[in-house]
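Let me begin by presenting the structure, written as structure tokens, before commenting on it.
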Amino acid sequence: SGKSGAYRTNFSSTFGIENVNKFPETQDKYTIGFAGVYDPLSFWPSWGPTVADARKIDPTHPEKLYNPFKEAYDTGRQYQNSLSFAGGSDRLTFLTSIGHLRHEGVIPFTNFNRLSVRLNTNAKISDNFSIGSTLNFINSGGDRYNADRYNESLSYWSPRYDIRDYLKDDGTMKTYGNNNPIYGALTNKLRDNVNRLIGGLNFLYSPTKWLTLSYRAGLDTYADNRLRTAPGPKGLAGERTLEDNGLGFVYQYNSSFRAITSTFTASANKKFGANLNTTLRLGHDLYDRQVREFGAEGNELTVFDYFDLRNARTITPSQSSEEYRLQGIFGELTLDWKDYLFLTLTGRNDRTSSLLAPNNSFFYPSASLSYIFSQQFKLPEAISMGKFRASYAQIGKDASPYSTITGYSSSDQLPPGLTGFTRGSLLGDPALKPEFTDTFEAGLEMGFLNNRLGLDFTYYNSLSQDQIIAVDV
């Protein structure tokens, strides 16, 4: 957040370029064909004769092979600008900023854009009460292409042909037979648009010197809209179509996510006598999540480049939703004796929506002991530090949502025009219990010669019980 005093304005602008820094080593002697036989339409990119022998057969063969791996990539560019304002008074400070990024990828026709707007504020209501807030809105998205598929297609492209010569005058793919990955990046598109809002609010109140109350609430929500398209064949004579484009398609996916977090903590610090310091923390946690997803995949376009679901011969829908909540109460007690003996005890009880009662409520504790004996005893001068530590912790874990029930999923084995549902591949277990992991650790740390030489010995043992593993049946 901002600082009190004069208002400040900052602007920054950066530009950068990027290139692929490493390419696979390729041969430049043998050309297209198979078993040493020249075939300018062969599927096999470099299994033919030498370039010299191929030129005797085909005078149009280039004198030197192309290098499609190097020639298929662009120089990427990044443009980034940001503007911020900050200022305030002794009681109120703020910081607001706006930033924009445009990234043009090294794969042709790919890009990414991000717009971010942020506002942070802090208000000191009184000497013992303060409030803070954060708000951040982000819009991001762009045109993407499958990088793995791009490189795979490159490996099948023959260096006899210029990979940059990928488009005919009629807009169809120019190729000798194999898929041209640049044409794939041009036509087989995935465009996403994500709007995300992240916000937080916190309160801090200290009614006394030894007691502090704090509360934090957070919200993370976004809407993700994706559109994947590819044109179908135009029906022209001699037309070559990209394998991945099929008969054309339009896929739309919409998903929404919302997560709420809430944490309240009460911390008390008390010193008993001259040697014992204690800290006690008690609190409550809440995590609530909701996810909604919907999609529709339309295949076989009637009009080859009209990307509308109503233009598809077949439409396959998909839909899912999920709700999940986890809340818990926790406590922690720390004892410090003369700054060399430390004991920490914790306990937490969680209550989850993914398990059924009584298994949905579970408790797990921990304890740790640290003894810095070099602080208590005078050791030989060569020994700089000596510390013994031991700890035991139990961690409880719940299951994924809906693990206790057996649901139904839509069937994809029915003829077109028919709908139906079948039993899901995972069988729910109403008696499912939480998973527990017990961990014990003990160790010795020693420092010698002003800690120039150290020794660290650790024994560790971990055991998980009632593990929850999803297995399809």
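For reference, positions follow the sequence shown, starting with 1.
Using cut-offs of 30° and 60° for the angle between ring planes, the Y371 and F377 rings count as perpendicular. Ring geometry for Y251 versus Y253: interplanar angle over 60°, hence perpendicular rather than tilted (30 to 60°). Using the six-membered ring where Trp is involved, F257 and Y222 have ring planes that are parallel, under 30° apart on the 30 and 60° scheme. Note: F436 and Y364 have perpendicular aromatic rings, judged against thresholds of 30 and 60 degrees for the angle between ring planes.
Among all heavy-atom pairs drawn from L355 and L432, the shortest one is CD2-O, 3.7 Å. Nearest approach of T93 to S89, heavy atoms of both residues: CG2-O, 3.5 Å. Closest approach of V106 to G76, counting heavy atoms only: CG1-N, 3.8 Å. Pairing each heavy atom of A185 with each of P108, the nearest pair is CB-O, 3.4 Å. Summarising the geometry of A86 relative to L95, their closest heavy-atom pair is CB-CD1, 3.7 Å, with the distance given to 0.1 Å. Shown here for S84 and S97, the closest heavy-atom pair between the two residues is CB-CB, 3.7 Å.
For the pair R149 and D244, the salt-bridge criterion is met [side-chain N within less than 4.0 Å of a carboxylate O]. Remark: R258 does not engage E323 in a salt bridge, criterion side-chain N to carboxylate O under 4.0 Å. Between D466 and K433 there is no salt bridge, since no side-chain N of the basic residue sits under 4.0 Å from a carboxylate O of the acidic one. Checked for salt-bridge contact, R226 and D192 miss the test: no charged N lies under 4.0 Å from a carboxylate O. Salt bridge D224/R196: absent, no basic N to carboxylate O contact under 4.0 Å.
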Let's go through T352 and N360 carefully: what are the C-alpha distance in whole Å and the side-chain angles of both, what is the deciding distance for side chain to side chain donor-acceptor pair (under 3.5 Å) to 0.1 Å, and is it a yes or a no? CA-CA 5 Å; T352 177; N360 63 332; over 6 Å; no
For a side chain to side chain contact (heavy atoms under 4.5 Å, CB included) check, start with the C-alpha distance between S354 and S403, then their side-chain angles and the critical distance, and finish with the verdict. CA-CA 7 Å; S354 65; S403 296; 5.9 Å; no
After noting the C-alpha distance and the side-chain angles of N179 and S153, does the key distance pass the side chain to side chain donor-acceptor pair (under 3.5 Å) rule? CA-CA 7 Å; N179 292 326; S153 298; 5.3 Å; no
Side chain to side chain donor-acceptor pair (under 3.5 Å) between T212 and S267: does it pass, once the steps are laid out? CA-CA 5 Å; T212 301; S267 301; over 6 Å; no
Going through the distances and angles, do L213 and L204 end up as a side chain to side chain contact (heavy atoms under 4.5 Å, CB included)? CA-CA 6 Å; L213 306 177; L204 186 64; over 6 Å; no
Apply side chain to side chain contact (heavy atoms under 4.5 Å, CB included) to Y66 and E71, showing your working. CA-CA 8 Å; Y66 294 97; E71 296 160 359; 3.5 Å; yes
The test is side chain to side chain contact (heavy atoms under 4.5 Å, CB included); show your working for F109 and D74 and say whether it passes. CA-CA 9 Å; F109 310 110; D74 290 340; over 6 Å; no
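Around atom CZ of R191, no more than 12 heavy atoms belonging to other residues, nucleotides or ligands sit under 6.0 Å away. More than 12 heavy atoms of other shown residues, nucleotides or ligands fall within 6.0 angstrom of atom CG in L455. In R289, the CZ atom is crowded: over 12 heavy atoms of neighbouring residues, nucleotides or ligands sit closer than 6.0 Å. Within 6.0 Å of OH on Y30 lie no more than 12 heavy atoms contributed by other residues, nucleotides or ligands. Applying the 6.0 Å contact sphere to CD of E381 captures no more than 12 heavy atoms from other residues, nucleotides or ligands. Remark: F11 CZ is packed, more than 12 non-hydrogen atoms of other residues, nucleotides or ligands lying under 6.0 Å away. Atom CZ of F421 is surrounded by 12 or fewer heavy atoms from other residues, nucleotides or ligands within 6.0 Å. No more than 12 heavy atoms of other residues, nucleotides or ligands shown are found within 6.0 angstrom of OH on Y156.
If you check the side chains of D143 and T110, you find no donor sitting under 3.5 Å from an acceptor. A side-chain donor from one of S262 and Y215 sits under 3.5 Å from a side-chain acceptor of the other. Of the N and O atoms on the side chains of T187 and N245, at least one donor lies less than 3.5 Å from an acceptor on the other residue. No side-chain donor-acceptor contact under 3.5 Å links T134 and N120. Donor-acceptor pairing under 3.5 Å is recorded for the side chains of T121 and S133. Using a 3.5 Å distance cut-off with no hydrogens or angles, the side chains of S361 and N349 do pair a donor with an acceptor. Residues N136 and R118 have side chains that never bring a donor and an acceptor to within less than 3.5 angstrom of each other. Looking at E293 and S320, their side chains do bring a donor and an acceptor atom within 3.5 Å of each other.
Annotation: side chain to side chain donor-acceptor pair (under 3.5 Å) contacts of N139 (sequence neighbours excluded): N193, N195. Scored by the side chain to side chain donor-acceptor pair (under 3.5 Å) test, S318 finds no partners at all (sequence neighbours excluded).
With rounding to the nearest 0.5 Å, the separation of CG in L326 from OH in Y287 is 9.5 Å. How far CG of N81 is from CZ of R102: 12.5 Å, rounded to the nearest 0.5 Å.
For T208 (side chain) and L211 (main-chain N/O), a donor-acceptor pair under 3.5 Å exists by modelled atom type.
When ring centroids are compared, Y205 and F203 stay outside the 6.0 Å threshold. Proximity of the aromatic rings of F440 and Y460 is defined here by a centroid distance below 6.0 angstrom, and this criterion is not met. Less than 6.0 angstrom separates the ring centroid of Y150 from the ring centroid of Y73.
Side-chain atoms of L190 and Y145, non-hydrogen and from C-beta on, never get closer than 4.5 Å to each other. Looking only at side-chain heavy atoms (C-beta outward), M385 and N451 come within less than 4.5 Å of each other. Contact of the I163 side chain with the I182 side chain is registered, since non-hydrogen atoms from C-beta on lie closer than 4.5 Å. Between L135 and I198 the shortest side-chain heavy-atom distance does not fall below 4.5 Å.
None of N461, D438, L369 except one satisfies the side-chain contact (heavy atoms from CB on, under 4.5 Å) rule with Y392; the exception is D438.
Pairs of residues two or more places apart, or lying in two chains, that qualify as salt bridge (charged side-chain N to carboxylate O under 4.0 Å, His left out) and include a residue from residues 350-364 are R348-D350. Pairs of residues two or more places apart, or lying in two chains, that qualify as salt bridge (charged side-chain N to carboxylate O under 4.0 Å, His left out) and include a residue from residues 330-344 are R281-E332. Every pair passing salt bridge (charged side-chain N to carboxylate O under 4.0 Å, His left out) that includes a residue from residues 388-409 is listed here, sequence neighbours excluded: R389-E441, R389-E445, R389-D456. Annotation: salt bridge (charged side-chain N to carboxylate O under 4.0 Å, His left out) contacts involving residues 17-29, sequence neighbours excluded, are absent.
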